[in-house]
Protein chains: 2
Amino acid sequence: MMPVKSDTREKIVEAARELFHVQGFHATSLAEIFRKAGVNSGSLYYFFKSKDDLLLAVLDAYVGLLWPAVMEPAFRKTDDPIERVFSVLAGYRQMLMQTGCKLGCPIGNLALELGDTKPEVREKIALNFANWCRAIESCLDAAADRLPADVDRARLSRFVLTVMEGGIMQARGHRDIGPYDDGVAQLRDYFDRLLAQRRREAGGVRQDTRPGDLPSHKTGAES
Amino acid sequence: MMPVKSDTREKIVEAARELFHVQGFHATSLAEIFRKAGVNSGSLYYFFKSKDDLLLAVLDAYVGLLWPAVMEPAFRKTDDPIERVFSVLAGYRQMLMQTGCKLGCPIGNLALELGDTKPEVREKIALNFANWCRAIESCLDAAADRLPADVDRARLSRFVLTVMEGGIMQARGHRDIGPYDDGVAQLRDYFDRLLAQRRREAGGVRQDTRPGDLPSHKTGAES
DNA sequence: GTCTATATATTGATAGAC
DNA sequence: GTCTATCAATATATAGAC
């Protein structure tokens, strides 16, 4: 018989992940974590040699969650690559709304709380950022023929993350979804201008838009 | 004779402010703070009834520092209201460069570390954000005649903060100024498109730009 | 692998002399 | 207002039985 693999480690990581998200790293004690996980101190230290070590495992978990928990649910809503980008942003909006703008991006939180104090932690945070941007960049690549030729899609994908993180920060600070919606709407406006530029370029001197090419975007952000 | 006002309180707030900026709130102990301030535990508790209370004083200090430490040094570099906006952003770039992308925006750090756990803290963070945006908005108002009439300048000012905070977060996460510069460059590109739109509107059907109207912006971000 | 019990250090905060 | 001394609670981490 195969030995039954314990899920204790997984339970601990999951408990830590949730508590770090809600309370932050330093504000969460190991006692809270193993109590929430339903195990004891000894089990935690059997799997992790320190709190920092557990944090690294949490950041690894987020690496694994990017596609199943963030990208795939958003991509399922639409096949249009540009709309997929904004569908991802809509997913974060949903989290903000469901928590009364109290919970934000767990990676962003840890990035600013821990800064550069723990080198391995910072590296795993950078990896999470890089993977997120790569996923967005793949959408932009799929829409490359609708964007101006000189657009740097890797940089544009980082700009999407910039707007997302900056918008979430202000939404939480004001406990108001407005700043997030505004940021997304202005990013949308920027995209529309890029798409329109490309259409002008492709169409030569013609500048009239074909009906249906520029759908209106209901963001819920307009007052 | 007037009683000499002690600067002990000020020294404590200043020490706390610096330590919170570098290490974060929870990672900084009161012992570190009063040691750095050169005073003793008793003095700290004479002026502040708790660590949270001291944090509120730190956030008040940032409110007072907005103009002398952030806006005025940036505004001194140029009279052009749009350039002033980007001069403020250049100021944050300077801090990133001087610290090897280790230190970010102290308000943003506290916003994400503390979230909504302490109501009064969140309110003072919101006030800091609001004042920052109002200062930027005053620049946009001064350039109102160069922006499209339908631009919401309050929202655009929040977008500037969004890009700043999101860019700093990624710059710190990657320990690389690149993502910050890219974000600012893309914000600049967005502004250029807004200014160009206004110029088209004002000029009627004419679309050629007058030489000198669109200066090239050296951001140092281009690879 | 999981448990209980505990070590050791540090935390935020207080008391009371001066 | 500032000091020293110290409390009580909590933190991370360990030891060793099972």
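Every chain is numbered from 1 and lettered A, B, ... according to where its sequence line falls, protein lines coming before strand lines.
- Residue A/Ser29 places no side-chain N or O under 4.0 Å from the OP1 or OP2 atom of D/dT10.
- Spacing between atom CG of B/Leu19 and atom P of C/dG12 amounts to 12 Å, rounded to whole angstrom units.
- In this structure, B/Tyr45 reaches the C/dA13 phosphate: one of its side-chain N or O atoms is under 4.0 Å from OP1 or OP2.
- In this structure, the CZ atom of B/Phe25 is 12 Å from the C1' atom of C/dT11, given to the nearest Å.
- Relative to the side chain of B/Val39, the nucleotides C/dC3, D/dC3, C/dG1 differ in distance, and D/dC3 lies closest.
- With respect to A/Asp116 and B/Arg172, no salt bridge is recorded, no charged nitrogen being found less than 4.0 Å from a carboxylate O.
- In this structure, A/Met169 and B/Phe129 have side chains that are in contact, with non-hydrogen atoms separated by less than 4.5 Å.
- In this structure, A/Ser41 reaches the bases: a heavy-atom distance under 4.0 Å links it to at least one base atom across the strands shown.
- In this structure, B/Tyr46 does not reach the D/dT2 phosphate: none of its side-chain N or O atoms is under 4.0 Å from OP1 or OP2.
- Ion pair B/Glu83/B/Arg188 flagged as a salt bridge, since at least one NZ, NE, NH1 or NH2 atom sits closer than 4.0 Å to an Asp/Glu carboxylate oxygen.
- OP1 or OP2 of D/dT2 has not a single side-chain nitrogen or oxygen of B/Asn40 nearer than 4.0 Å.
- Computed from coordinates, the B/Phe34 CZ to C/dT14 C1' distance equals 13 Å when rounded to whole Å.
- The interatomic distance linking B/Phe48 (CZ) with C/dG12 (C1') rounds to 15 Å, in whole Å.
- Counting only heavy atoms from C-beta outward, the side chains of A/Asp181 and A/Val184 never approach each other to under 4.5 Å.
- A straight line from CG of B/Leu30 to C1' of C/dT11 spans 8 Å, rounded to a whole angstrom.
- In this structure, A/Lys51 atom NZ and C/dT11 atom C1' are separated by 13 Å, rounded to whole Å.
- Checked against the 6.0 Å centroid threshold, B/Trp67 and B/Phe75 count as a close aromatic pair.
- Between A/Ser50 and D/dT12 there is no side-chain polar atom (N or O) within less than 4.0 angstrom of OP1 or OP2.
- For the pair B/Arg35 CZ and D/dC3 P, the interatomic distance rounds to 15 Å; values are reported in whole Å.
- Atom-to-atom, CD1 of B/Ile12 to C1' of D/dT2 comes out at 10 Å; the value is rounded to the nearest Å.
- Both A/His26 and B/Gly38 lie close to DNA chain D; mapped to their nearest nucleotides by heavy-atom distance, the more 5′-ward contact belongs to B/Gly38.
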